[in-house]
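These notes are about the structure you will find just below.
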Amino acid sequence: MPIFSYLAMPKSGAKEALCADLAALSHCEVIPSDNQEIVVLVTDTPDETTEDKLQKSLNNLQSLQSLSLAFGYDDQEKQGR
Amino acid sequence: MMKLSTLFLLCAFIFTGSKAFSASVDLSDFDNQGKKIYEAYDATPQIYMSADSGNRNLADFYDLRQYPGSPPRIPHEVDLTFSGDETDCLSCHAKGGYSQEFGKFVPVTPHPENSLCYQCHAQVLTEEKFVETEWKSIMPPRLGRSFLGGSPPPIPHSLQMRENCISCHTGPGAVVEIRVDHSARGNCRQCHAPAVQTTPLQEFVRKP
Amino acid sequence: MKLNRRRFLKYAAASSAVATAGALFPGVSFGNWQNLTNNSGIISWQKAPCRFCGTGCGVLVGVSDGRAVAVKGDPNCSVNKGLCCMKGYHSVQMLYGKDRITTAKVRKNGEMVEVPIKEALDLIAEKLQETKDKHGKDSVAIYGSGQWTIPDGYVASKLFKGCLGTNNVEANARLCMASAVTGFMTSFGIDEPMGCYEDMDHANVFITWGNNMAEMHPVLFSRMLANRKRRTNVTVIDFATRSTRTSQAADKSILFKPQTDLAVANAICYEIIKNDWVNWNFVNEHVSFHKGKTNIGYGTEDHFAFKDKAESINFEEYKLFLEDYTPEKVEKISGVSARDIKYMAALYGDPSLKVTSFWCMGMNQHTRGTWINNLVYNIHLLVGKISTPGNSPFSLTGQPSACGTVREVGTLTHKLPHGVVMKEPHREMAAEIWDVPVSNIDPKPTYHTVEMFRALDRGDIKFIWIQVTNPMVTMPNLRRYRDGALKDDRFVVVSDVYPTPTTDVADVILPAALWVEQEGMFGNSERRTQHFAEIVKPPGEAMSDTWQIIEVAKRLGFEKQFPWTQDDYIGKIWEEYRKFHAGPKHEMASYEVLKKRSGVQWPFVDGKETRWRFNAKHDPACTNGKDFDFYGKKDHKAWIWARPYEPAAESPDSEYNFWLNTGRVIEHWHTGSMTRRIPVLHNAVPSSYVELNPEDAAELGIVNGEMVKIISRRGEITIPAQIKGRGVPPRGMVFVPFFDESYLVNEVTLDAFCPISKQPDYKKCAVRLEKA
């Protein structure tokens, strides 16, 4: 049950589109900056499969320039060890 | 003749005496000169209040200031014959509007009654420093710091010299990030309470 | 637990990303995300009236995971059309102050001890019964407020008047609206405004009579300003004793000396008659002339009694009476220039202008409060500018349900939900609906508020239950009443949400549900009843004031009169209460309709709200076949009263040489027990102060922020000075906001009241100042 947070950079001028795209995806919470072209993305998925699917969807977003990880946590992993 | 003028003076005194009761308070000089807001609200045409040119942003705005709240430098050339005669600055900066010369909308001053502009606003003749400085500014107030989701954000800056909300927060000369979209409502401070960000937040605790 | 942990992790994830962004991009801002702690991110919105003033703005309360998290204006509510003021927008934060009272407390050996609420309710019932048995029915009392919901006030009246048989039922609205009520009753024979807020969209002239609307009724005020901007023919006149935000916004600010509004109003009438601006068609058809007693006293002594006596006069006698009030004579009394008086008269007199007058505490908290209400009605009646769109003498209210609960339910000593205790048919109606013997209802009123607290001090009242109000901050001449409440054999029960100076004097404290933690209804200034559901759960053992009273009533053996369950009591109470108002003059909407709509105006007849009463085009109760029917009076006419100028109870003299005026600021509501726990409001005005005129301050050698001692014949306070702050009093007057329990200005004020309405005057007494 992983939780991640990212800094998402939109393609030039596409912040609003990016916010809309991200908000349309399940398991995503979006916190847009109100004065710069940056969006914080928090993802919370129930399992690995969903997480993988989400990663693929994120990679396919046209409005997204780059995604950099800020925070990661995974229940499963922890319990496994 | 002498007697007549005394009489005349006496009459004048009585007249102003009764008038003075209402006139005893200068309405423009209390509550952070709040009268300015009402006057600006009434005087600004609706079309102007809702206009947005989008050509000024917060980065430019703070770039002209040494610290948040300092008087901005003059970002453009000033006529060499300019001697500090206020009417020159105010001809553009009192009411705003489009400037052919600069090709953009002019920002409006919140304090047109302080007309000796050069007293605070300096020209920039060189960007070179005499000696490098270790000066550090503070962070500008963050935007949109509402106390709860969707509530009107408080006024993050001191109102001194910035009493007239409408001059900076509406119109095509306004900084785009801080321009309001509900200028149809004229009593700004009915919703926006002052909470200056450089002063610590207090909590109400009953005295024992 | 797991959910909480997960929520915490997500919060940590978001903070970490925000922090990273802050490091990489200086100055980046993420708005208000930190304040939202909910996990689901889903907010549901439910309608309610705002908890604060009597404007009655509709709000939508946002709830997420069982907590109120946001507020927005209700666009469906015609009162405010989606706009709120800063108090409304932040109101939900008042639910979550750290020192919220969540359990009952009982005084044991001098200490307040937490007990289960059942035990506290048992004790209240036992003490109430014991006191009644030992000292008689009139030794027990209940004191509520205009913040009581309608069901709160209704069950209080039913229990005390109907079951226990005492008329010791009062509410703090006596301190804020009583003069408005007696003004309506004497001029029209029926309470509450004939017009509505829609008048603001039609009027050309607005005159605020001692009414700082910009701060006290800001949402209505900005509607007025928007009208002035949109329509070119709108003028705003501020007629006041102190310069305020309203004066700044007005086209003209006219100051008058305290109490002389009486003389100015008469002078306006004098001018109207002199210039023949009288609307004779209207006056001949719809107006009759009267006079009452004069030199009527001020009520500062215990057991003060007064009864007015109306005498008919004719127009010529009225005209003769006005001879004392020529603008030139009145200029000398009032400080208002004859020119300004004539200007105001001309605005009222011009047949092409629609005029709305607004007032609130300036006219009501007045030792001649009833009179000044009458006199402003006189002006509107002479020129026939009443009960039509835009022509409106409009009495604003300060509490969310002063109208709904106190005036309509009748939670005052002489009142019943329909009519007064003195009239047999009214008692019979109440007895029948309440299912009690008619002999239970005492035909004699007992104590009005000031006299009720005097009776507590004297020992005539030994048990008092105080709900939703904070009299130990708001009573004038406060020290006497606090000392009285603390006397040994007095038993004081206080239901409240936060600790206050009033809970400090309590023997039992009951934790109360606040605002949308219970179902209820309020009634606003324009006859609008507004229902709200229980939107969030009350904390701990807190329960609604209504249910507290029902629990005690059941313990006293009145199960038959209070048969309801906690699931359905509000709807059942409403339908029972509604029977009192059946008929076209006061018909109320059904429970089902109230639940659906953002407020419904009464009279609500055949599914239609009544916007302008007494106007045959709008009001189904008009039956005389004419264009207007003032059916409140037996002669079907509105009454013009010859009421003279009489001075204030206490005026400045050589020893106490300043007027003391008290009031509010926009940030804080009444005693601040709610608004001070809202961070943004507390930070904007963290403490009270005394406003001085700059010249007086200079003369006294006082600068901004220095401490000033305000001394009256009754007490003194030491308080910081404010010069050129929120408002500026004229020379010879100081002003103190009363919200701050650290500076109890009411220890200085005088408990003089209007002999007709029994409402105290908080705006005028004499003080002297010392630099502390």
Side-chain angles (χ1 to χ4, degrees), chain B residues 15 18-39 41-42 44 46 58-59 62 139-155 182 184-196 199-207, chain C residues 26-27 29 31-32 35-36 43 62 69-72 83-86 89-90 92-93 97 99 214 218-219 221-222 225-226 228-229 243-245 247-249 253-255 257 331 335-337 340 499 666-667 676-684 686 693 724-728 730-731 741-742:
Chain B
F15 183 63
S18 63
K19 251 186 93 177
F21 190 67
S22 265
S24 70
V25 174
D26 179 357
L27 290 178
S28 61
D29 192 25
F30 66 89
D31 197 18
N32 294 298
Q33 305 183 14
K35 193 168 176 33
K36 280 183 181 176
I37 304 172
Y38 301 117
E39 283 171 348
Y41 173 67
D42 260 1
T44 315
Q46 195 55 55
L58 263 191
Y62 284 117
M139 290 272 279
R142 291 187 171 184
L143 298 181
R145 304 281 282 184
S146 302
F147 276 71
L148 71 158
S151 78
I155 303 168
H182 54 268
R185 288 155 180 179
N187 194 12
C188 311
R189 294 174 306 165
Q190 138 183 350
C191 298
H192 302 280
V196 177
T199 53
L201 275 184
Q202 303 179 42
E203 206 171 281
F204 171 67
V205 181
R206 286 194 78 203
K207 287 190 185 141
Chain C
S29 154
N32 51 24
N35 297 323
L36 302 172
I43 295 183
V69 295
V71 177
K72 54 187 181 185
L83 181 63
C84 295
C85 79
M86 58 169 83
Y89 279 122
H90 296 96
V92 290
Q93 289 186 294
D99 54 348
V219 167
F221 189 72
S222 54
L225 294 188
R228 183 172 70 180
K229 186 165 175 63
S243 302
T244 63
R245 271 189 190 175
S247 329
Q248 287 183 327
S253 151
I254 300 173
L255 290 177
K257 292 179 183 162
E331 170 174 326
V336 182
S337 69
D340 285 347
I666 185 171
E667 287 82 358
R676 299 187 91 188
R677 286 163 175 94
I678 296 175
V680 64
L681 302 178
H682 173 62
N683 275 275
N693 182 282
K724 296 189 184 179
R726 188 60 61 82
V728 177
R731 291 208 67 172
E741 62 180 59
S742 300

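A, B, ... follow the sequence lines: proteins, then strands. Residue 1 opens every chain. Source: prediction; values computed, not measured.
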Problem set entry | From CG (B/L201) to NE2 (C/H682), nearest 0.5 Å | 9.5 Å
For this session: May I ask you to decide if B/F30's main-chain N or O and C/Q248's side chain share a donor-acceptor pair within less than 3.5 Å?
Result: yes
For this session: Go through the atoms of C/V92 and report whether side chain, backbone, both or neither lie under 4.5 Å from a heavy atom of chain B.
Result: side chain
For this session: Output the option from C/G727, C/G97, C/P499 having the highest count of non-hydrogen pairs under 4.5 Å with chain B.
Result: C/P499
For this session: Please determine if C/D99 and B/R206 form a salt bridge, counting it only when a charged side-chain N lies under 4.0 Å from a carboxylate O.
Result: no
For this session: With a 4.5 angstrom heavy-atom cut-off, could you sort out which part of B/Y41 is near chain C: side chain, backbone, both or neither?
Result: both
Exercise. For B/V25 and C/P730, which heavy atoms make the closest approach, and how far apart are they?
Worked result: CG2-CA, 4.4 Å
Exercise. Who passes side chain to side chain donor-acceptor pair (under 3.5 Å) against C/N693, sequence neighbours left out?
Worked result: none
Seminar exercise, completed: Counting heavy-atom pairs under 4.5 Å with chain C, the top scorer among B/I37, B/I155, B/N32, B/N187 is B/N187
Exercise. Between C/R677, C/E667, C/K72, which shows the greatest number of heavy-atom pairs under 4.5 Å with chain B?
Worked result: C/R677
Exercise. Relative to chain B, which of C/A226, C/G725, C/A70, C/P686 shows the most heavy atom pairs under 4.5 Å?
Worked result: C/G725
Seminar exercise, completed: Given B/L27, B/D42, B/D31, the one with more heavy-atom pairs under 4.5 angstrom with chain C than any other is B/D31
Exercise. Which residue out of C/Q93, C/K724, C/R245 racks up the most heavy-atom pairs below 4.5 Å with chain B?
Worked result: C/R245
Problem set entry | chain B contact via C/I666 - side chain, backbone, both or neither, heavy atoms under 4.5 Å | side chain
Exercise. Between B/C191 and C/C84, what is the shortest heavy-atom contact and its length?
Worked result: SG-O, 3.1 Å
Exercise. Can you tell me how far CZ of C/R726 sits from CZ of B/R189, rounded to the nearest 0.5 angstrom?
Worked result: 7.0 Å
Exercise. Where on C/K229 is there a heavy atom nearer than 4.5 Å to chain B: the side chain, the backbone, both, or neither?
Worked result: both
Problem set entry | Per-residue contact mode, C/H90 against chain B (heavy atom under 4.5 angstrom) | both
Exercise. Can you say whether C/P679 sits under 4.5 Å from chain B via the side chain, the backbone, both, or neither, judging by heavy atoms?
Worked result: both
For this session: Flag the one option from B/H192, B/Q190, B/H182 with the top tally of heavy-atom pairs under 4.5 Å to chain C.
Result: B/Q190
For this session: Pick one of side chain, backbone, both or neither for B/P152, based on which atoms fall under 4.5 Å of a heavy atom in chain C.
Result: both
Exercise. Shortest non-hydrogen contact from B/P200 to C/N683?
Worked result: O-OD1, 4.1 Å
Problem set entry | Taking every non-hydrogen atom, the tightest pair across B/L148 and C/V69 | CD1-O, 3.1 Å
Exercise. How close do B/A193 and C/A684 get, heavy atom to heavy atom, and via which atoms?
Worked result: CB-CB, 4.0 Å
For this session: Give, for atom NZ of B/K207 and atom CD of C/E741, the distance between the pair rounded to the nearest 0.5 Å.
Result: 9.0 Å
